[in-house]
Number of protein chains: 2
Amino acid sequence: MNAAPGSPAPSERVLVAQFGVARMTVRQALDALVVEGLLERIPGRGTFVAQPRSVAGRITSFTEDMRRRGLLPESQTLTARREQAGTGVARALDISPGDCVIHWRRLRRADLQVMCLEDAYLNEVLLPGFLESGMPTSLYDALAARGLRPTWAEDAVSADHATQEEADHLELRPGDAVMRVARRAVCRDKVVEVSRSVFRADRFTMHVQLGAG
Amino acid sequence: MNAAPGSPAPSERVLVAQFGVARMTVRQALDALVVEGLLERIPGRGTFVAQPRSVAGRITSFTEDMRRRGLLPESQTLTARREQAGTGVARALDISPGDCVIHWRRLRRADLQVMCLEDAYLNEVLLPGFLESGMPTSLYDALAARGLRPTWAEDAVSADHATQEEADHLELRPGDAVMRVARRAVCRDKVVEVSRSVFRADRFTMHVQLGAG
DNA sequence: CAGTGGTCTAGACCACCGA
DNA sequence: CGGTGGTCTAGACCACTGT
């Protein structure tokens, strides 16, 4: 059970007594929670559970994104196999053309409605046994479990018309509006994911928060 | 003159001696610079000037965005007048319906090519005499000059087909692909800008950087 | 080894808030 | 007024780095 936003945390001096520790130590611990946005200090009043602030520019996966909207995310794997990287994918993944990559194509739904067709390319070397371990629902959860959650990502977002193939998968007519998102996700100087997603424009609006909250 | 990235900062104990202050105090001062990304600590080695990290999700205006791509941004004002806020704009600007707003419609070009049609709504109260002072090229420069540069912004990005009116301005045919961006920009709890932009999909790709560099 | 940052102690004084 | 967070002191020990 999480405490409700706005509810007071124990005062620093109370924690000092409770844990038999110096106040500077308590403050450093609280500071960490404050910079994480979990607590909020108000001078002269106390320390409180912060309003959940939408983290500026947080890197979200489709799964997290849909959940935050209160929708149920689902994935249907269309392709999951080893391939040799082409020149474009190789450059984006920072490997050599012909190197082994994992190609994972999924049709993604939210509340049973088709939302997005996604082609993800992963660096095989960083994810040994990934294909054999059973495909997870959330790629980012799987990466996190391996200590590879992206710390930085770059999206190229554009609008376009659906191709015939995309229309077939997304239950659209060719030429209908779609949003394309090309992502390059990095974890500590290692490119862990390169993906191209095609979203149904009528069902998806991307929300981007910029700057410091 | 700024110090070069990677150059060492004085050690904490040196600063203690130099300023006759406690080490905890020095550390707190340095901590502030570290969270700002100006310094980097390396245990056992020292404190160094950090590599300038690309600020995650920096709020950019059209002008800045185009310049960074090496294109020459231009704006043609189609409308610039006082209006009474409708309910939607009023809510977004955090004012009351009927309050006075500045409506600024511009056709925006990059290297002489039509790129975007933008409707910006500004809070009159925050920008006295704005319309009379001659319209700037960059709205964000003008806001910055008044100490109102946005510190936080939220974009809703979607793909769509151009309406007849949009097509006329953007030199498209109705139904061609466009990207819509609805922005709400905030400076210190004051909503300073609400805008809707329509970009030609064939000429514009939005780049978004997420996470900490 | 000497020097670095990381962490911790046990106090202290201040400005601010609410009753 | 008492309680809060904000800041500061003058030490201490640790793990780590480079030579």
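Excluded from the calculations below are hydrogen atoms, water molecules and symmetry mates; all remaining heavy atoms, backbone and side chain alike, are included. Throughout, protein chains are lettered first and strands after them, A, B, ... in sequence-line order, and every chain is numbered starting at 1.
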- Query: Is there a donor-acceptor contact under 3.5 Å linking the side chains of B:His207 and A:Asp155?
  - Reply: no

- Query: Can you find a side-chain donor-acceptor pair between B:Arg180 and B:Ser158 that sits under 3.5 Å?
  - Reply: no

- Spacing of B:Asp31 atom CG relative to D:dC8 atom C1', expressed in whole Å: 14 Å

- Return yes if the base of C:dT7 and the side-chain atoms of B:Arg23 contain a donor-acceptor N/O pair under 3.5 Å, otherwise no. yes

- Please state whether the phosphate of C:dG6, meaning OP1 or OP2, lies under 4.0 angstrom from any side-chain nitrogen or oxygen of B:Arg41. yes

- Assess the side chains of A:Arg106 and A:Thr77: does a donor N or O sit below 3.5 Å from an acceptor N or O? no

- Query: Are any of B:Ser11's side-chain N or O atoms less than 4.0 Å away from OP1 or OP2 of C:dG3?
  - Reply: no

- Rounded distance in Å - CZ (B:Phe48) to P (D:dT17): 12 Å

- Item | Upstream residue (5' side of DNA chain C) when A:Arg13 and A:Val21 are each assigned their closest nucleotide | A:Val21

- Query: Atom CG of B:Leu39 and atom P of C:dG5: how far apart are they, to the nearest Å?
  - Reply: 11 Å

- Item | Whole angstrom value for the distance that separates P of D:dA12 from CZ of B:Arg27 | 18 Å

- Could you check A:Pro43 against B:Val26 and say which one's nearest nucleotide on DNA chain D is further toward the 5' end? A:Pro43

- Please report, rounded to the nearest Å, how far the P atom of C:dT4 is from the CG atom of B:Leu30. 13 Å

- Message: Using whole Å, what does the distance between atom P of nucleotide C:dG11 and atom CE of B:Met24 come to?
- Response: 16 Å

- Task: Calculate the interatomic distance between B:Gln28 atom CD and D:dT9 atom C1'; express it in whole Å.
- Result: 11 Å

- For the pair B:Asp31 and B:Arg41, find out whether any cationic side-chain nitrogen is under 4.0 Å from an anionic carboxylate oxygen. yes

- Query: Rounded to whole angstrom units, what separation is found between the CD atom of B:Glu12 and the C1' atom of C:dG3?
  - Reply: 12 Å

- Item | Side-chain donor-acceptor pair present, B:Arg109, B:Gln76, cut-off under 3.5 Å | yes

- Task: Give a yes/no answer on whether the side chain of A:Thr25 brings an N or O atom under 4.0 Å of OP1 or OP2 in C:dT9.
- Result: yes

